[in-house]
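First up is the structure itself, then whatever we jot down about it.
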Amino acid sequence: MSSHLSAAPPVAVRVRAPGKVNLSLRVGACQDDGYHPLVTIFQAVSLAEEVEATLATPGAGISLTVSGAQADRVPVDESNLAWRAAESLARYTGVDPDVRLHLHKGVPVAGGMAGGSADAAAALVACDLLWETGLSRAELSDLAAGLGSDVPFGLVGHTAVGTGRGHLLTPAMSRGEFHWAFAVRDEGLSTAQVFRTFDEVVGGSADVELSDDTELMQALRAGDPVGLGRALHNDLQAATLALAPELGRTLEVARDAGALGAIVSGSGPTIAALARSRQHALAIAASWTAAGVADSVHCATGPASGARVLSS
Ligand SMILES: C[C@@](CO)(OP(=O)(O)O)[C@H](O)COP(=O)(O)OP(=O)(O)OC[C@H]1O[C@@H](n2ccc(N)nc2=O)[C@H](O)[C@@H]1O
Ligand SMILES: Nc1ncnc2c1ncn2[C@@H]1O[C@H](COP(=O)(O)OP(=O)(O)O)[C@@H](O)[C@H]1O
């Protein structure tokens with residue numbers, strides 16, 4: 001089980017994990033278990049979470065603190081996904097869950113960019129090193145899938161096709177760097193509510209297929225932002241706009257600013273706009289600010305790597 005034969009075990013481990021945007025999100029009809037089958041293409045972006053796990057005295061259990069933008073909106077108890085990640089690793093390996101977790105938020109909270117999932121992925125990797133439990137990537141990925149549909153992608157990052165609930169991943173080829181601007185709304189949206197609204201206003205078809213994304217996959221392989229912008233797709237967008245109609249204006253402002261494509265990120269309410277360059281991403285962000293259609297704005301690039309250790 002131990003991966004450190006002679007080196008002293010770490011007392012603290014810091015791990016970074018990325019937020020994501022769904023370049024394409026195709027949603028099937030709701031199944032008996034309450035989940036929808038998905039075919040999605042994830043791209044990890046440079047907006048990221050950092051999780052520091054520090055050894056706590058035996059019997060101390062888990063404790064958690066949060067810093068960064070919107071930290072006040074993140075639970076600091078056992079409902080936090082990072083806390084649940086540490087618990088699930090401890091249960092699986094039989095170790096005592098004694099750890100202090102500190103999360104530094106860089107991804108919008110409840111924004112459809114999987115910040116909580118990134119925290120869970122980072123906490124799994126950090127605690128696995130800290131407790132010297134030495135799990136394989138496959139074991140970590142199984143634990144991740146038990147925590148949330150988006151958590152396995154937080155481990156692998158880069159660009160990947162997600163099927164099943166979004167948790168079964170196949171890496172996808174992508175060339176070069178893409179530039180994004182993100183418009184964030186302070187008030188988040190519940191993913192479950194967006195899926196329920198999807199059932200009411202759209203309803204998924206029985207079959208969802210990756211073949212519908214041929215043009216998008218070609219654009220990724222060619223590193224072609226214009227083709228990628230044209231092919232961006234989100235089946236949840238109508239449901240998100242039904243719950244937050246003002247986002248229509250945010251999409252419009254991005255398009256008027258020359259965005260190559262603009263979509264709701266995942267279940268929203270963050271809007272993602274693909275830009276020609278970093279300068280162009282800054283210009284789109286400035287247009288949102290000038291139009292008063294975003295509570296905050298960010299620029300980022302993708303793809304970014306999955307959960308990785310910064311220090312131990
Ligand atoms: C929509 C997506 C797209 O990547 O991302 P976000 O917008 O949340 O970031 C994901 O499917 C969200 O994944 P995640 O946020 O991990 O969801 P989970 O915790 O597994 O599920 C939360 C709720 O969303 C609904 N859900 C989730 C995934 C799925 N394939 N079908 C669903 O119907 C279920 O109602 C579930 O109770
Ligand atoms: N570590 C965490 N960071 C953020 N939110 C969390 C976390 N753990 C649990 N949550 C809860 O999950 C909700 C959605 O989380 P988040 O991952 O930020 O958004 P999304 O699912 O839209 O990508 C939050 O509103 C919050 O109540």
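Numbers here are sequence positions counted from 1. As the structure lists them, so they are numbered: ligands from 1, and atoms in each ligand from 1. A quick note: this is a predicted structure, and the numbers were derived from the prediction, not measured. Side chains included, hydrogens not; waters and symmetry mates left out as well; all remaining heavy atoms used.
Put simply, part of Gly34 is less than 4.0 Å from ligand 1, judged by heavy atoms.
Proximity to Asn22 (heavy-atom distance under 4.0 Å) selects the following atoms of ligand 1: 3 (C), 4 (O). Set against the non-hydrogen atoms of Gly148, the atoms of ligand 1 under 4.0 Å away are 16 (O), 20 (O). Against a heavy-atom cut-off of under 4.0 Å, Gly112 is close to the following atoms of ligand 1: 6 (P), 7 (O), 9 (O). Of all atoms in ligand 1, numbered sequentially from 1 with element shown, those under 4.0 Å from a heavy atom of Ser149 are 13 (O), 16 (O), 17 (O), 18 (P), 20 (O), 28 (C). Close contacts of ligand 1 with Ala114, meaning ligand atoms under 4.0 Å from a residue heavy atom, involve 9 (O).
Selection from Phe42, Phe153, Phe198, Tyr35 by nearest heavy atom to atom 36 (C) of ligand 1 gives Tyr35. Among Asp199, Thr191, Thr270, the residue whose heavy atom sits closest to atom 22 (C) of ligand 1 is Thr191. Looking at Ala192, Ser190, Gly266, it is Ala192 that brings a heavy atom closest to atom 35 (O) of ligand 1. For atom 32 (C) of ligand 1, the choice among Met113, His36, Gln31, Arg196 with the nearest heavy atom turns out to be His36.
In the hydrophobic cluster analysis, where Ile, Leu, Val, Met, Phe, Trp and Tyr join through side-chain heavy atoms closer than 4.5 angstrom, Val39 is grouped apart from Leu25.
Ion pair Glu50/Arg14 flagged as a salt bridge, since at least one NZ, NE, NH1 or NH2 atom sits closer than 4.0 Å to an Asp/Glu carboxylate oxygen. Using a 4.0 Å cut-off between a side-chain N of Lys or Arg and a carboxylate O of Asp or Glu, Arg249 and Glu252 qualify as a salt bridge. A salt bridge does not link Arg175 to Asp224: none of the charged side-chain nitrogens sits closer than 4.0 Å to a carboxylate oxygen. Taking 4.0 Å as the cut-off between side-chain N and carboxylate O, Asp119 and Lys105 count as a salt-bridged pair.
Counted by atom type alone, Arg308 and Ser305 present one or more donor-acceptor pairs between their side chains at under 3.5 Å. His233 and Asp212 form no side-chain donor-acceptor contact under 3.5 Å, judged by distance and modelled atom types alone. No hydrogens or angles considered: nothing links the side chains of Glu200 and Thr197 as a donor-acceptor pair under 3.5 Å. Judged purely by distance below 3.5 Å, without hydrogens or angles, the side chains of His102 and Thr65 pair a donor atom with an acceptor atom. A donor atom on one side chain and an acceptor atom on the other are found under 3.5 Å apart for His104 and Ser67.
Of the protein's non-hydrogen atoms, the one nearest atom 5 (O) of ligand 1 is Asp150 OD2, 2.9 Å.
Ring-plane geometry between Phe182 and Trp180 is classed as parallel, the angle between the planes falling under 30 degrees on a 0 to 90 degree scale with a further cut at 60.
Within the 4.0 Å heavy-atom criterion, the part of Phe195 lying near ligand 1 is the side chain and not the backbone. Residue contacts with ligand 1, taken as heavy atom pairs separated by less than 4.0 Å, do not involve Val194 at all. Residue contacts with ligand 1 for Leu38 involve side-chain atoms from C-beta outward but no N, CA, C or O (heavy atoms, distance under 4.0 Å).
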Could you check ligand 2 for N or O atoms lying under 3.5 Å from protein N or O atoms and list the pairs with distances?
residue	atom	partner	partner atom	Å
ligand 2	1 (N)	Asn80	OD1	3.0
ligand 2	1 (N)	Asn80	ND2	3.4
ligand 2	1 (N)	Asp119	OD2	2.8
ligand 2	3 (N)	Lys105	NZ	2.8
ligand 2	3 (N)	Asp119	OD2	3.3
ligand 2	8 (N)	Leu81	N	2.9
ligand 2	17 (O)	Gly116	N	2.7
ligand 2	18 (O)	Ala110	N	2.7
ligand 2	19 (O)	Ala110	N	3.3
ligand 2	21 (O)	Thr191	OG1	3.4
ligand 2	22 (O)	Gly111	N	3.4
ligand 2	22 (O)	Gly112	N	2.8
ligand 2	23 (O)	Met113	N	3.4
ligand 2	23 (O)	Ala114	N	2.7

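Of the polar atoms of Ser265, none of the N or O atoms is found under 3.5 Å from an N or O of ligand 1, judged by distance alone.
Residues Val264 and Thr270 are not in side-chain contact: their nearest non-hydrogen atoms beyond the backbone lie 4.5 Å or more apart.
Of the residues Leu130, Val99, Leu124, the one that meets the side chain to side chain contact (heavy atoms under 4.5 Å, CB included) test with Leu89 is Leu124.
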